[in-house]
Colleague: 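Have a look at the structure that comes next, please.
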Amino acid sequence: MTLRRLVLVGVLVAVAGTAAVACAGPDAPSATPVTSGAGATLAVYLDEAVGSGRAGPEQVEVLERSVADGTVQYEDLAELTRLTFDCFTEAGIDYIENEPTELGVGLPLPSYSWAAEMPGKTLDEVQAMGDACIDRYSYWAAAAYQDDAVVGAARDARMRRDLPQVLACLEENGVEVPTDATLDEIRRHVEELVVATETVVCYDDFIWW
């Protein structure tokens, strides 16, 4: 049996055997600052999903909500992935659900493998069936979840939430941070402290690329 492993790290490249993934969405929009916004970037995915005629109402609803929120919630993506599994089952496609992987700290990603073979069906036929399930339920939402602008917005929001503890840690370790420091400047102070001490980590928000 041939399994296609899918970690939702972008859009699926249709190949036989192991699935390949790309780190960009469909006709990937360029990364856009949150102010002009992650919501605007997400709107591109919504438009393409609707325009394709292949995205189901469940996925469209998640994308519509994401445009308003400026981010795709993991819980929404996980539910869309669950609906993808249900579609696989209905189509007679075997799949294996793996443990979520991490795009970065606080950014889990659904991961699974699905069978590219089925008695009485060609590889192309099974692939088309599987891709139809993914397209209907999770393709554009998964790509949007990992767009540079969306990931950056989520990363910044997480750091703003934790900023009091980060600044307190830096201060306790003798690092003076200007009151008007940007998030990236604060990250640089954190990194410099790690290099200097080799032990003190005031914050960790790495991103896997």
Side-chain angles (χ1 to χ4, degrees), residues 5-15 18-52 54-55 59-81 84 98-112 131 134-135 137-163 166 181-192 194 201-209:
R5 185 173 184 272
L6 181 60
V7 179
L8 297 181
V9 194
V11 296
L12 184 65
V13 178
V15 294
T18 302
V21 292
C23 293
D27 297 326
S30 59
T32 307
V34 180
T35 51
S36 64
T41 300
L42 286 162
V44 175
Y45 290 96
L46 171 61
D47 290 345
E48 293 191 358
V50 172
S52 73
R54 301 194 303 273
Q59 185 175 191
V60 170
E61 180 182 350
V62 165
L63 288 168
E64 288 174 339
R65 185 163 59 250
S66 299
V67 169
D69 294 344
T71 188
V72 180
Q73 297 295 332
Y74 174 76
E75 293 76 13
D76 285 336
L77 181 57
E79 176 58 23
L80 291 177
T81 305
T84 304
N98 305 315
E99 288 296 318
T101 187
E102 277 196 317
L103 176 64
V105 171
L107 293 171
L109 286 169
S111 172
Y112 60 89
D131 287 347
I134 295 169
D135 285 352
Y137 291 108
S138 55
Y139 182 94
W140 286 274
Y145 180 79
Q146 298 148 93
D147 184 274
D148 285 356
V150 179
V151 170
R155 184 182 184 219
D156 286 350
R158 179 176 175 270
M159 189 172 196
R160 288 191 190 95
R161 180 198 68 193
D162 298 337
L163 202 53
V166 177
T182 65
L183 294 181
D184 283 342
E185 289 170 341
I186 295 171
R187 288 186 178 103
R188 187 161 58 250
H189 284 299
V190 170
E191 292 168 1
E192 290 171 351
V194 172
V201 180
C202 288
Y203 194 66
D204 188 357
D205 68 345
F206 71 88
I207 298 292
W208 289 110
W209 295 115

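Position 1 is the first residue of the sequence; numbering continues from there. Just so you know, these numbers come straight off a predicted model, no measurement behind them. In what follows, every heavy atom counts, from backbone to side chain, and hydrogens, waters and symmetry copies are set aside.
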Colleague: With a 4.0 Å cut-off on N to O distance, would you call R155 and D148 a salt bridge?
Modeller: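 No, this pair does not count.
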Colleague: Nearest 0.5 Å please: distance from the CD1 atom of I134 over to the CZ atom of R54.
Modeller: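 If we round to the nearest 0.5 Å, I134:CD1 and R54:CZ are 11.5 Å apart.
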Colleague: Who passes side chain to side chain donor-acceptor pair (under 3.5 Å) against R161, sequence neighbours left out?
Modeller: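 With sequence neighbours excluded, R161 shows a side chain to side chain donor-acceptor pair (under 3.5 Å) to no residue whatsoever.
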Colleague: Between OH of Y139 and CD of E48, what distance do you get to the nearest 0.5 Å?
Modeller: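 Reported value, rounded in 0.5 Å steps: 9.0 Å.
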Colleague: Run V44 and D147 through side-chain contact (heavy atoms from CB on, under 4.5 Å) and show every step you take.
Modeller: CA-CA 11 Å; V44 175; D147 184 274; over 6 Å; no
Colleague: Looking at side-chain heavy atoms only, is the closest gap between Y45 and S66 below 4.5 Å?
Modeller: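 Of all side-chain heavy-atom pairs linking S66 with Y45, none is under 4.5 Å.
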Colleague: Does the side chain of Y112 reach to within under 4.5 Å of the side chain of T84, using non-hydrogen atoms?
Modeller: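 Y112 vs T84: side chains touch.
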Colleague: Is it the case that the side chains of T101 and S111 hold a donor-acceptor pair, with the cut-off being a distance below 3.5 Å and no angle test?
Modeller: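 Not at all, the side chains of S111 and T101 share no donor-acceptor pair under 3.5 Å.
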Colleague: Provide the closest heavy-atom pair for A141 versus L63 in the form atom of the first, atom of the second, distance.
Modeller: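 Between these two residues, the closest heavy atoms are CA-CD2, 3.9 Å.
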Colleague: Quick one, V62 and E79 - any side-chain contact, counting heavy atoms below 4.5 Å?
Modeller: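 In short, these two side chains do not touch, never coming nearer than 4.5 Å.
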Colleague: Sub-3.5 Å donor-acceptor pair from the side chain of Q59 to the main-chain atoms of L80, do we have one?
Modeller: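 Such a contact is absent between Q59 side chain and L80 backbone.
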Colleague: Please report the interatomic distance CG(L42) to CG(D47), rounded to the nearest 0.5 Å.
Modeller: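 That separation rounds to 11.0 Å.
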Colleague: Answer yes or no: is there an ion pair linking R65 with E61, defined by an N-O contact shorter than 4.0 Å?
Modeller: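 A salt bridge is present here (some side-chain N lies under 4.0 Å from a carboxylate O).
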Colleague: Write down the atom of P108, the atom of P100, and the distance for their closest heavy-atom approach.
Modeller: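 Answer, listing the atom of P108 first, then P100: CB-CB, 4.4 Å.
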Colleague: If you round to the nearest 0.5 Å, how far is OG1 of T81 from CG of L109?
Modeller: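 Here the interatomic distance stands at 9.5 Å.
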Colleague: To the nearest 0.5 Å, what is the distance between CG on L107 and OH on Y145?
Modeller: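 So the CG of L107 and the OH of Y145 are separated by 5.0 Å.
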Colleague: Atom CG in L183, atom CG in D156: separation rounded to 0.5 Å?
Modeller: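 Atom-to-atom, L183:CG and D156:CG are 5.0 Å apart.
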